[in-house]
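The structure under discussion appears below in the form of structure tokens.
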Amino acid sequence: MSIRFYNSLSNSVEDFQPVESDRVRMYSCGPTVYDFAHIGNFRSFLFADVIRRTLEFFGHDVHHVMNITDVGHMTDDSNADGGGEDKMESAAQRIKEDKKSGKVPEGAVDNPDDPYQIADYYTKAFLEDAQMLGLKVAFEPENILKATDNIDIMQDMITELIEKGHAYVGPDGVVYFSVESFDDYGKLSGNTLENLLSGAGGRINETDQSNKKHPADFMLWKADPSHIMKWDSPWGTGYPGWHIECSCMARDRLGKDVIDIHTGGEDLIFPHHECEIAQSRGATGEDAFARFWMHARFLMVEGEKMSKSKGNFWTVRDVLEGRATGINVHPAVLRLELIKSHYRSNMNFTKKGLQDSANVVRKLTEFRAKLEAAADGQTAEVTLDHPILKQFGEALADDLNFSKAIAVVLPWASSEIENPAEALAVLDKINSVLAVAPLGDEVETAADEGGLDVDALCKAMDEARAAKDWGKSDAIRDELQAAGYDVKSSPEGTVATKRLA
RNA sequence: GGGGCGGUGGCCAAGUGGCUAAGGCACUGGAUUGCAAAUCCAGCACGCGCGGGUUCGAAUCCCGCUCGCCCCUCCA
């Protein structure tokens, strides 16, 4: 079966073939670590995870790397006042305040003025979030690449670009990439040099531009000894441009000039990915940097753009800890919610959607438990020719059609299963992609953080029911429900399970 | 103004030229239940953003419009 992916480079769905048949090389633009990652970030990261897992489902060996941008870049230098604040510096301010209010745990950041400590703090938080949400690469420290660990290879590539005539040192001492030296600039985004000029409007700042040969030329290295993070270089003590880290780390760690897949959010298409292509191809001389460029659409929250001013801006922690919807959300539920709709549509993050996802996770978890009991420790071998896996795989191969894939699984999970050992193997294979069932142990344990003894309460409810003491039975049920449990009574007894969202 | 993506029932969506278009959730009624939950049965859309065109035939292809989203400035 051929795998088809939408390639932003051609704006069409293409058959996927790796450059080398035995190994897929894939690079994902990861987080900046000036703050906690939000659910929109994770939609993009999980999208990358799901590509990787899909390729592995079909038997590919995937080398997936993701970068951590821990260099402090400027927030905005186009303001009228010429202000512009370093993101790492603004993070330092925020952490100082959060330390005072106790939001930052004691000892987590000793010195908020040390940008490396801030970066470490948020990097650690990101990896925790990522692991909870089942991002495979987050369990592989060797594939998580920090920009600050790779300044040397950035300088090497900048040197290479200058030697090859793709970059120059401007009158201001800044090293710029010359977009006119690269014929295919604009091919990914459609923002060719002509289009950029015609659409420029009044946006270009004259003084900023006077040092560049072309207004679209972008920075590779800026000497600035006053910058909070700085390194020595042939062009003065300063810091690298925003785009260069990805070009360098992809080439270095994946070990090839041409990689198979590069992923990111849709906003990265321009300028970030356009510039990466210019840099990489300028340095390597190859006719491609990545064969496939894949981008995830933004998510909306309850039909609106997610923004801090609207109060609908949620970090992963906000959602999991119940600040977004008023109830704690299991990580598997958030994972499913963020991967279940097609990556090329805007997804709408809603409380209702989360509850739908929780039902699906619950259903799959119970299905697994049922199969495990019925299979009695037996396991079976299955191949992708199994009818369910065949349909599931076909949906995945069709540009990651997850809605369809899940629509294959759910009716199957409600049907009569003749061979539980085989079904269990099928479910394992499906779950190697979805990664939502089984859940971690923490959900199924009886002891609640509130000290509720759920098993004892269920037993007490059964006793009350046996004695037809409905008032007492209902009171216990109310107590359990108030604590966030779903309570089911059947002839076999009462079972309470923690609500997942 | 320029570059791109999308608009199918209340919500999420399958379907990308051809039998009366659709699955899940939600909702409503019934069975069951001490009451719930779960489960089972039944009900729920005269229509695929709008208008043209191509075709024997279009949600599906083409043109125009409209609405939403992203980018052109840091941003997943």
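Protein chains get the first letters and strands the later ones, always in sequence-line order, with residue 1 at the start of each. Side chains included, hydrogens not; waters and symmetry mates left out as well; all remaining heavy atoms used.
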What does [N] pair with, Watson-Crick or G-U, if both distances are under 3.5 Å?
N	value
B:rA31	B:rU39
B:rG23	B:rC12
B:rG6	B:rC67
B:rG1	B:rC72
B:rG18	B:rC56

How many Å lie between [atom1] on [X] and [atom2] on [N], as a whole number?
X	N	atom1	atom2	result
A:Phe367	B:rG24	CZ	P	17 Å
A:Leu336	B:rA13	CG	P	13 Å
A:Leu410	B:rG23	CG	C1'	10 Å
A:His272	B:rC72	NE2	C1'	17 Å
A:Leu9	B:rG3	CG	P	18 Å
A:Glu194	B:rG1	CD	C1'	16 Å
A:Asp398	B:rG15	CG	C1'	11 Å
A:Met219	B:rC74	CE	P	11 Å

Quick one: are the ring centres of A:Phe289 and A:His262 less than 6.0 Å apart?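 That pair passes the under 6.0 Å test.
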Any chance the rings of A:Phe126 and A:Phe45 have centres within less than 6.0 Å?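 Yes: the rings meet the under 6.0 Å criterion.
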Under 4.0 Å, counting only non-hydrogen atoms across every strand here, what does [X] touch: a base, just sugar-phosphate, or nothing?
X	value
A:Leu268	sugar-phosphate
A:Phe270	sugar-phosphate
A:Gly40	base
A:Ile406	nothing
A:Phe218	nothing

Heavy-atom nearest nucleotide on RNA chain B taken for A:Gly190 and for A:Lys404; more 5' hit belongs to A:Gly190
Need to verify one output field. Residue with the more 5' nearest nucleotide on RNA chain B, A:Lys340 or A:Ser44?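 Its nearest nucleotide being more 5', the pick is A:Lys340.
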Plane angle bin for A:Phe5 and A:Phe16 - parallel if under 30°, tilted between 30 and 60°, otherwise perpendicular: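 The rings of A:Phe16 and A:Phe5 sit tilted, inter-plane angle from 30° to 60°.
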Donor + acceptor pair across side chains of [X], [Y] (<3.5 Å):
X	Y	answer
A:Thr350	A:Asn348	no
A:Ser247	A:Ser280	yes
A:Lys146	A:Thr123	no

Counting N and O atoms only, with roles assigned by atom type, does the side chain of A:Ser189 sit under 3.5 Å from a partner on the main chain of A:Phe270, one being a donor and the other an acceptor?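 No: the side chain of A:Ser189 does not pair with the backbone of A:Phe270.
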Rounding to the closest angstrom, what is the interatomic distance between [N] and [M] at atom [atom1]?
N	M	atom1	result
B:rU32	B:rU39	C1'	9 Å
B:rA26	B:rC46	C1'	23 Å
B:rC25	B:rU20	C1'	25 Å
B:rG57	B:rC19	P	14 Å
B:rG64	B:rA21	C1'	27 Å
B:rA14	B:rA38	P	27 Å
B:rG2	B:rC62	C1'	24 Å
B:rG6	B:rG49	P	13 Å

Close approaches to RNA chain B from residues 342-352 of chain A, in residue order (heavy atom, under 4.0 Å):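 Contacts with RNA chain B under 4.0 Å: A:Arg344, A:Asn346, A:Lys352.
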Check the phosphate of [N] against [X], side-chain N and O only, distance under 4.0 Å to OP1 or OP2. Yes or no?
X	N	result
A:Asn195	B:rG4	no
A:Asn41	B:rA76	yes
A:Lys187	B:rG3	no

Can you see whether A:Tyr485 has A:Lys498 sitting over its ring - NZ or CZ less than 6.0 Å from the centre and within 45° of the normal?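 Yes - A:Lys498 lies over the ring of A:Tyr485, closer than 6.0 Å to its centre and within 45° of its axis.
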May I ask you to establish whether A:Arg344 and A:Tyr6 are in a cation-pi arrangement, using a distance under 6.0 Å from NZ or CZ to the six-membered ring centre and at most 45° from the ring axis? yes
Looking at A:Lys370 and A:Glu366, is there a salt bridge between them, counting it only when a charged N and a carboxylate O are closer than 4.0 Å?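 Answer for the salt bridge query: no.
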Under 3.5 Å, is there any donor-acceptor pair linking the side chain of A:His295 to the base of B:rA76? no
Measuring from the side chain of A:Asn359 (C-beta onward, heavy atoms only), which nucleotide among B:rA26, B:rC5, B:rA14 has the closest atom? B:rA26
Out of B:rC70, B:rC71, B:rA76, minimum distance to the side chain of A:Asn191 belongs to B:rC71
Nucleotide by nucleotide, 5' to 3', does protein get under 4.0 Å of the base (B), only the sugar-phosphate (S), or neither (-) in nucleotides 32-42 of chain B, counting heavy atoms? --BBBB-----
Checking side-chain hydrogen bond (donor to acceptor under 3.5 Å, both in side chains) for the pair A:Asn41/A:His38: CA distance, chi angles, key distance, verdict? CA-CA 5 Å; A:Asn41 295 317; A:His38 61 255; 3.1 Å; yes
So, applying side-chain hydrogen bond (donor to acceptor under 3.5 Å, both in side chains) with A:Ser28, which one of A:Asn143, A:Thr263, A:Asn67, A:Asp49 is it?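 Testing each of A:Asn143, A:Thr263, A:Asn67, A:Asp49 against A:Ser28, the sole residue satisfying side-chain hydrogen bond (donor to acceptor under 3.5 Å, both in side chains) is A:Thr263.
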